[in-house]
**Q** 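Quick one: structure below, then a few questions.
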Amino acid sequence: MRHFPVVMLANVCNAFVFAIASWGTEKFLLALGWATLIWSIVSVMVLRQWMRRAAARGVARRRRGVRRLLLYALALGSAWAALPLLFFGDASLGGKLLITCLSSGMLGGGVFVMASLPVAAIAFSGPIAIGALIALLQVGDRDHVLMAVVLAVYSTILFLGSFNYAKELRTLVATQIAAEEKASASAKNLGALAEMAAGLAHEISQPLAAAAAYIQSAERLLLVPAEKRPVPIAQPLRDAATQLENVHQIIVHLRDSITNRKAERKPLHLHETIQDVIQANRRRQENAGIRIDANLKAADDLVLANPVEMRQIFTNLISNAFDAMESSPERALAISSRATSDNAIRIDFADTGVGISPAIKTKLFEPLMTTKSRGLGVGLSITRSIVEEHEGQIWAEPNPGGGAVFTVVLPVEKAPAS
Ligand code: ADP
């Protein structure tokens, strides 16, 4: 359809040529009237198309557009069919030749331009072929009848060609669309895979580092005579085992989410989980000289949740707070909980770190957003999706004394009556 304007121009020029060619003949006025009809149809068509160009596109609009195109094609084709019917019989040999050239040119050109929409090609070129056939048969001698047969054969071949072309085009477009969809699906899968790998690396790096530290401290204890050891050697080994069990849980949890197995939820006391996470991070906390004030006062801390996911949330928030306080003169993390009026528990993690700059405030929970040189930027986005999956909310605000406060709100379960 790209060549449609060319066909419109051909319509106008050819009609003009025929009107001029009829100059001085008795059918000049009729020819002029006929040419004016062609020009009028083309003008209306071009004008309306122009006016519609700026309007929005849509399926309904496209359908209406096709219907309109068919109508114009039929109107123009019928006008061209009138050319041989009105003028061929009485024309001189030159006139007959001109009419034949113009008719076959319009017939072939119409099919060529509208080949991708065979109904439109037939609406335009069909009447031209029929008009020419009738005109030829009306003359009635052997030569003209033979010409009519040739015209009928050529037109049929042209129309069939248009149908074949449209069919091939449809197959080609469908194949291309399928290939593009496949490519975009695998690109999406790759993106999801990269995000998952980043998430996994983020989640397991911390417990693995903690386990390594516990094992190293057990190694150091071995060098100390048994009676002088500040803690029994079994303790750091037990702590290392706990950390490695956490890694195992995270991997099991990831495997379940890949296989679409819903993460199992069970009644869980959040205060215990928070204390566990604080304990698991004790060594890092002590090394960094951070004070943790846990003020877990909510009367009801029982939630229906997945334990691994809850650990993930608190580990992320505590670990981020530690990172944020790395170069703060005062390093204190206050963790407090309280009940809200709508049957939920609210937990605040208030640190005295660098705080959240306005530049990243709106992007804080977006995947791959990080300001750390070795950060992955997935912790908070994973945290938010876990919280939201548990019908909770999470947000961050500046800490009035400097630093940031991350708040998690989760609906609580009613404790079973004992
Ligand atoms: P990562 O820790 O790998 O950077 P996160 O998604 O956990 O990824 O955190 C994204 C970003 O949010 C961090 O890089 C940091 O800029 C900011 N952020 C998170 N927690 C805090 C906090 N407690 N104080 C200040 N900024 C924080």
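Position 1 is the first residue of the sequence, and the numbers go up from there. Nothing here was measured: the structure is a model prediction, and the numbers come from that model. Counting starts at 1 for both ligands and their atoms, in listed order.
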**Q** So what's ligand 1 close to, N/O to N/O, under 3.5 Å?
**A**
| residue | atom | partner | partner atom | Å |
| --- | --- | --- | --- | --- |
| ligand 1 | 2 (O) | N320 | OD1 | 3.1 |
| ligand 1 | 2 (O) | K372 | NZ | 2.6 |
| ligand 1 | 3 (O) | L376 | N | 2.9 |
| ligand 1 | 3 (O) | G377 | N | 2.8 |
| ligand 1 | 4 (O) | T370 | OG1 | 2.5 |
| ligand 1 | 6 (O) | G379 | N | 3.3 |
| ligand 1 | 6 (O) | L380 | N | 2.8 |
| ligand 1 | 7 (O) | N320 | OD1 | 3.3 |
| ligand 1 | 7 (O) | N320 | ND2 | 2.9 |
| ligand 1 | 7 (O) | L380 | N | 3.4 |
| ligand 1 | 8 (O) | G377 | N | 3.4 |
| ligand 1 | 14 (O) | T370 | OG1 | 3.3 |
| ligand 1 | 14 (O) | T371 | N | 2.9 |
| ligand 1 | 14 (O) | T371 | OG1 | 3.3 |
| ligand 1 | 16 (O) | T371 | OG1 | 2.4 |
| ligand 1 | 23 (N) | D351 | OD2 | 2.9 |

**Q** Is there a donor in the side chain of T315 and an acceptor in the side chain of Q206, or the other way round, less than 3.5 Å apart?
**A**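 On atom types as modelled, these side chains do not qualify, holding no pair under 3.5 Å.
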**Q** Going by atom types only, do Q275 and Q279 share a side-chain donor-acceptor pair under 3.5 Å?
**A**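 Their side chains do not contain a donor-acceptor pair, so the 3.5 Å distance test is not met.
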**Q** Do you know which two heavy atoms are closest between G131 and L85, and how far apart they sit?
**A**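 Shortest heavy-atom separation between G131 and L85 comes out as O-CD2, 3.7 Å.
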**Q** Would Q285 and R282 count as having a side-chain donor-acceptor pair, cut-off 3.5 Å?
**A**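 There is such a pair (donor and acceptor under 3.5 Å, judged by atom type) between the side chains of Q285 and R282.
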**Q** Can you classify the ring geometry of F87 versus W34 as parallel (below 30°), tilted (30 to 60°) or perpendicular (above 60°)?
**A**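 It falls in the perpendicular class, over 60°.
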**Q** Tell me if the CZ atom of F28 is crowded by more than 12 foreign heavy atoms within 6.0 Å.
**A**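 More than 12 within 6.0 Å, yes.
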